[in-house]
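Data first, discussion second: the structure below is written as C-alpha cells.
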Amino acid sequence: MLRIEGLRRSFGGVAALEELDLAVADGEVMGLIGPNGSGKTTLFNVITGVHQADTGRVLLREEEITRSTPARIVRQGIARTFQNLRIFQRMSVRENVWVAQHSLPGVGPMALMSNRSAAERARKAEVDRLLDAVGLADRRNVLAGSLPLPDQRRLELARALVRSPALLLLDEPAGGMTPAETAEMAALIRDFAVPGRTCIVIEHKLDLISTLCQRLCVLNFGRKIADGEPGRVLEHPEVLEAYLGRDAVNA
Amino acid sequence: MVDFIQNCLDGIMLGSSYALLAIGFTLIFGVMRRLNLSYGPSIMVGAFVGTLVYLEFKANAVAIAAATVVGAVIVGIYVERLCFRAIRRGAAVASMVSSFVIWMQLEEIVTVVFPDRTYFFPPMVTADPIDLGPFFFKVENIVMFAVAAVMTVLLHWLLQYTRFGLALRAVSENPRAALFMGINVGAVMFLAFVIASAFGGVAAYLIVSADGQITPLFGLWATFKGLIAMMLGGMGSIPGAILGGLLLGVVEAQSIWYLGTEYRDLSAYFLLFLFLVFRPGGLMGQLAVERELAATRRV
Amino acid sequence: MLEIDGIAAAYGNIEALRGVDLLVEEGGITCLLGPNGAGKTTLMMTIAGILKPRRGTISFLDRNITGMTPSGVVRRGIALVPENRLVFPDMNVHENLVAGAYLRLGKRKSQVQQDIDHVFERFPRLQERSKQMAGTLSGGEQQMLAVARALMARPKLLMMDEPSLGLAPLVVEEIFRIISDLNADGTTIFLVEQNAHMALQVADHFFLLEQGQVTFSGKPGQLSEHEVIQRAYLGKGPQRNQPAADQGRPDRTTLPSG
Amino acid sequence: MDDIYLITILSNIGMISFIALSAYLLLVVGEISFGQQAFFAVSAYGSGIATAMWGWPIWLGLLWGALVAGAAALVVAIPTVRLRGLYFSVATLAFAEMVRLIFEIFTYQVEIDGELVGPDGSDGFRDIRAIYDSNVSAFEYMLIIYGLLAVVLIGFLILERSRLGAIFRMIGEDPMLTEMQGLNVTKYKILAVVMAGIVAGIGGALYAHLATYVEPKIFNVMLGVHALAYGLIGGLGTAFGPLIGVAIDIGLLESIRAISGYRMIVFGGLVAVLLIVRPRGLLDEAAMHWLRGRWRGLIRAEN
C-alpha cells in the first residue's frame, strides 16, 4: 500500500527524518512510536504533502506521490488526524464531517451549489451514520469548537473516515485522554475505523497500540531503530535505550 | 546623464523623508507584527497642532516643531490604546482595519477643527538653492537629509547601545522569550509606538515646512509613502526602511522627470505591486518572511 | 521553596491542568515527568506568569506569586529555560546574555559584566562564539546559551523545559553534566524532561504528571525506571487491575509520598 | 422633494450594498481587501463607455461592466492569491490606487452629436445618460437596483447553504486544513476574488448610470474601507451582515442631523469599538449558529 524509500527532511539544518525506509502492506495496522522530536509527525506531514521531502520517495499503491500537493494526495485515498487537533471551530460538528466530502469524486459543480439531489441526500446520510458511530450524533448541531477534547478527537476521526480512505494516518488519537477514554477510543478505532483499510497510528499509549497493531515501528532521531511484532519490539534493547536515553555507543 | 544624476540626488533628498516615515512604520511593525495605517493621519494631526501653535502664538520654528512632535505622540498613544492594546493578541488584521477606520476619524476631526482644509505652514529656512557644479540643491532638502541622517544615527544608538534598545530588539525577535527575561513587553510596545510617532512628527515637520502648507490629505500621503517605502525595504527591517525610502524617492524623481508628474504615484504603486508579487520580503526582509511562511505551514 | 497548590489551567474549553499539587525543595533537583499533552509545559507557563491559572495558588519562598506578571516572577528569582530554547536569533551570544540580565541592567552594569565572565568560564564554547549570531549556533550550543542566559538573571530557582529535546546523545550528556554542576554550586533546579533515564540519575525528587494531575511523587528508585517509562511515555495507567472508571483519577494518597 | 431625497438615499444604500457584499465575500475567505473600489470603478467606466459611447442598451452595459470587473479581478487574483494577510491587503490597496491613478490619465473620447463624450482623465466621464434617454424614472431605477440586489442576495444565501459556500468559510478559517480535505485552495480563492469583483462591478455599473458622471477621485480608498467596514460591523456570519452595516452607516448615521458633520468620527469610533468587543461583527458565525438553532427549535415546536 505505502512504500517509503530513503526519505530525508531537515528543518534549518536539523534532520527530522534521515534515510527512512518503510513499507506498509495492504490491510496492515502499524503503530509508530518514538521519543518527542523523533520525526513521527514529520513523517505524516511528508506523506500528506504538508512538507516536501528533501530527498527520497513516497509511493502509494506503487504510484509516486512525493511531489504532489496535499489536496491531490488526499484525493488519492489518504486521510489523517492531527496531534494538535485541527477542526473548523466556527462550524457545527455535522458540517465538520460534511466538508470532507466536497472533493469526493462525483461531487461536481452542480453538487457544490445545490444540496437537493438524491446523491447529496445519500452523502448527508453517510455523515450522520459516521457521527452516530463515533458517538456524536446527539451533538451534531453544536459548534465544533465547544466540544471537549476527547470528542474533538472523535470528530477528527469521523471526518477522516467520511472519505473512506485506503490509508488512514492517526496522530495520537488518544492524546490527552484518560485511560478510560483511551480504552474507548481504542475500541472505536479497532471495531470501526480499521476494518478494511491500512492504518498507521502514532501513539505512546501501549494499551492502544497493543489493542490495534500487529506491527510496531520505532523512530529515533529520524531513523527507524526497530520494526516488527509489538511485544518483541518493546523488548528490543535499542528501543529501551531510546526511551532511557542511554548513549548507544556506551551501551 | 546630468539629468539622471540630478534626479537621483533629488530622489535621495526626497527619499530621506520617506525613510523617516518608513522607520516609524517599521518600528511598530517590528515589535507588534501589525500595520498601523493610522500612522500618517496621527502625524498629520501633529502637524495641525503645529499649525495651531503658529496661528495662535506666531511661535518660532522650534516651538512649532516641538508642538508637531508632541501632537503626533499624543495621537499615536490614542491609536495604540484603541487599535492595538485593546485588540487581542494574534488578531493582526483586526488591528489593521481598526487603525484604518481611526484614520478616517482623525481626518474628520481635523476637518471639523480646521474647516479651511489648506493652511499655511511656516518654512523652516528661507534661502536660495545652492549650486554645485552642474547640480543644484534646495536648502530645505539638505536640512531634511541632514536631520534624517542624524535621526537614523540616534536610532541606531538607541537600539544598539541602550537597555531599552535591547528590550525592543528582544521583543521584535521573540516576544515570548522577552517575557521570560523579565521584559515588560506591553511597555516596550507602547514606547516603540511613542518613538515611532516622534519620528513621524519630525518627518511631518520637515516635509510640511518644506511644502509650506498642510492639508488633511497629508495623512493619506504619509501613510502611503511610509508604507510603500517600508514594504520595498522589507517589513520590520530598519536598514530596509532607509533603503526602501531612498529607492522610492529616486524612482519618483526619475518618473517625474521622464514620464511626467501624473506618473509619480502610479510608478510608486506599480513598484510596490511588483515587489509584493515577486519579492514580498522586500530588499532586506526576505529571511523574516520565509521564517513566517514556514511557521504558517507547520501542522 | 516553590509550592504549588491545586493549580488548574485551561486553553479555551480544553482543560490542561486539573488541580496540580507539587513541591520543589530548596537546593535540590526536582524533576517532572509525564507523557505528551499531560500539561508539563502548561505548568511551567503558569508558574512563569504567562498563563493565569483558573484555580489554586503558587507560592515561592513563602510568598504568594499566583497571577504575578512574568517580570515580577523573574524579579522574585525564578528563571526559565524555555522549551525549544528560544534564543534571540539575530542577536549575538553576548547580547543574548545581556538580555538575560535585563532586570539588573539599569543599576548594576559592572556586576552584569562580571556575571558574563563567570558564565563564560562555565561555558567556554560560548565565549569562543561571543560575537556570533545566536541563530547560527548548533542546537546544543543554543541550549547552552539558553541556560546561560537564564543564569544571567541570578535565579534562586532555575526551571528548565525539556533541555534535551532534539539533541544528540553526547550533547544531552553534556547538558545534564551542566545541570548537576549548577546544582552543586547551589542553584535549585526544577526540570521537565522526556529523557527519564538521565533525569532520574540527577533528580533528588520527581513527580509524574498524567492528564493534568500529579499521579506519583517520590525519589528515584521508589519506582523502577521501567515503570516510570511505561507510565510517563507509554501511557500505561498505574492501576491496571482496577475497573476502568477509576483509572482516570488515580488516588494520590495511596502513592508513596516525598 | 422629500421623496426624491428618500429615493436618493435608498438608491445609494442599494448601490453601496454591492461593494459591501463584495468585500464581505473576501472577508469570508479570510482576506482583507482594501481594493474592491477598483472593480467598482472599472465597471463604472466600462459600462459607461458601452452605453454612452458604443450605444449599447443599458442592460447589456450593466452586464458588460460586471464582466469587465470580473476579468480585472481575475488579473489581480492570479498573482496575489498566494499572498496572505497583510501582504494581500497591501497588494489590493496598491492595485486599487493604480487603477484610480490610471483613470486619472485615461482619455478615450469620441464625438457624438457634435460633442466629445468619454473619459477625460481627472476631469472624469460625463453624460452617461442611458437611463434618462430611455425615460427611466429615479423611482424605477431604484427598483432596478433593488431587483438586482435581491438577485445577488439570493445568490449569496444559496451559496451560504451550499458546499461551495462552506469551502469559502473553510478557507477563511484554516487554508491548510481545507487543502487537507482534498480541495485546491488557490483555485477556490481565485474564484472568490472573481465573484467578488463581479458583485462590486454590478454596483459600479449601476452607480455610473445613476450619477451620469464619474470621476476617478470617487474611487479612492475611503470607498474601499467603508465597504470593508460594513461587513465587520454587521457580521461575517451571514450575507445580511454587510447590509446591516450599510443600513447602520448610511441609513442611521446619515439621517441623524445632529451628527451629520461628525459622521466619520462616530462611524470610526463605532467600528473600532466593535472590533474590540465583536471582532467578527454583530451577526458572527456563533450568533448565526445560535439563531439557526432557535429557528429549528421554533419549527419543531410548531409541529
Side-chain angles (χ1 to χ4, degrees), chain A residues 44-45 48-51 68-82 84-105 107-116 120 123-124 140-146 156 159-160 162-163 165 169, chain D residues 27-30 82 154-189 191-192 195 235-238 241 278-281 283-297 299-300:
Chain A
F44 274 17
N45 284 340
T48 54
V50 176
H51 294 320
S68 217
T69 65
R72 236 180 279 145
I73 292 171
V74 169
R75 291 202 292 268
Q76 286 178 348
I78 299 183
R80 73 176 282 190
T81 66
F82 299 87
N84 313 314
L85 291 160
R86 278 185 100 151
I87 54 171
F88 294 106
Q89 311 238 357
R90 296 197 287 257
M91 293 184 172
S92 73
V93 167
R94 195 172 182 225
E95 282 173 313
N96 259 280
V97 181
W98 174 68
V99 298
Q101 294 175 327
H102 296 335
S103 63
L104 281 177
V107 183
M110 277 320 288
L112 282 183
M113 281 310 292
S114 139
N115 40 29
R116 304 211 173 271
E120 273 297 291
R123 281 192 277 264
K124 285 226 164 118
R140 60 185 192 179
N141 287 324
V142 166
L143 275 189
S146 66
E156 278 206 333
R159 186 178 64 197
V162 79
R163 305 184 54 90
L169 308 176
Chain D
L27 283 169
V28 167
V29 292
R82 62 186 182 85
I154 289 168
F156 267 88
L157 294 178
I158 293 173
L159 180 71
E160 237 140 57
R161 302 171 58 91
S162 72
R163 287 187 185 272
L164 184 61
I167 292 172
F168 288 161
R169 286 200 183 279
M170 288 159 76
I171 296 173
E173 195 170 335
D174 189 338
M176 186 39 104
L177 184 56
T178 309
E179 185 91 17
M180 304 291 289
Q181 308 309 320
L183 297 161
N184 183 338
V185 169
T186 309
K187 195 177 83 182
Y188 285 105
K189 262 174 95 172
L191 179 63
M195 284 168 69
L236 303 182
T238 163
R278 286 196 77 82
R280 297 185 68 80
L283 291 178
D284 59 7
E285 287 86 350
M288 285 313 291
H289 183 81
W290 184 83
L291 282 174
R292 286 198 193 105
R294 276 286 136 125
W295 179 245
R296 265 196 296 271
I299 288 176
R300 224 170 288 138

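From a predicted model like this one, the values you see are computed outputs, not experimental measurements. First the proteins, then the strands, lettered A, B, ... as listed; each starts at 1. Atom set for the values below is all heavy atoms of this structure, side chains included, hydrogens, waters and symmetry mates excluded.
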Close side-chain approach of [X] and [Y], heavy atoms under 4.5 Å:
{"X": "A/Arg163", "Y": "A/Arg75", "answer": "yes"}
{"X": "D/Phe168", "Y": "D/Met195", "answer": "yes"}
{"X": "D/Arg163", "Y": "A/Trp98", "answer": "yes"}
{"X": "A/Phe44", "Y": "A/Arg80", "answer": "yes"}
{"X": "D/Leu291", "Y": "D/Leu283", "answer": "yes"}

Could you have a look at [options] and say which one has the most heavy-atom pairs with chain A under 4.5 angstrom?
{"options": "D/Leu159, D/Val185, D/Ile167", "result": "D/Ile167"}
{"options": "D/Leu183, D/Asn184, D/Asp284, D/Leu164", "result": "D/Leu183"}
{"options": "D/Ala166, D/Gly172, D/Gly165, D/Gly293", "result": "D/Ala166"}
{"options": "D/Arg292, D/Arg161, D/Met288, D/Arg280", "result": "D/Arg280"}

Side chain to side chain contact (heavy atoms under 4.5 Å, CB included), that's the test. Do A/Arg86 and D/Met180 meet it? Break it down for me. CA-CA 11 Å; A/Arg86 278 185 100 151; D/Met180 304 291 289; over 6 Å; no

Sort [X] into side chain, backbone, both or neither according to what part of it lies under 4.5 angstrom from a heavy atom of chain A.
{"X": "D/Glu285", "answer": "side chain"}
{"X": "D/Asp174", "answer": "both"}
{"X": "D/Arg169", "answer": "both"}

Contact winner vs chain D - A/Gln76, A/Arg72, A/Gln89, heavy-atom pairs under 4.5 Å: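 Among the listed options, the one with the most contacts to chain D is A/Gln89.
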
Answer with side chain, backbone, both or neither: which region of [X] has an atom nearer than 4.5 Å to a non-hydrogen atom of chain D?
{"X": "A/Val162", "result": "neither"}
{"X": "A/Gln101", "result": "both"}
{"X": "A/Glu120", "result": "side chain"}
{"X": "A/Ile73", "result": "neither"}

Shortest non-hydrogen separation from A/Pro70 to D/Glu179 and the atoms involved: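 Closest pair (atom of A/Pro70, atom of D/Glu179, distance): CB-CG, 3.5 Å.
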
How would you list, by chain and number, every residue that makes a ring-ring contact (aromatic ring centres under 6.0 Å, His included) with D/His289, sequence neighbours excluded? none

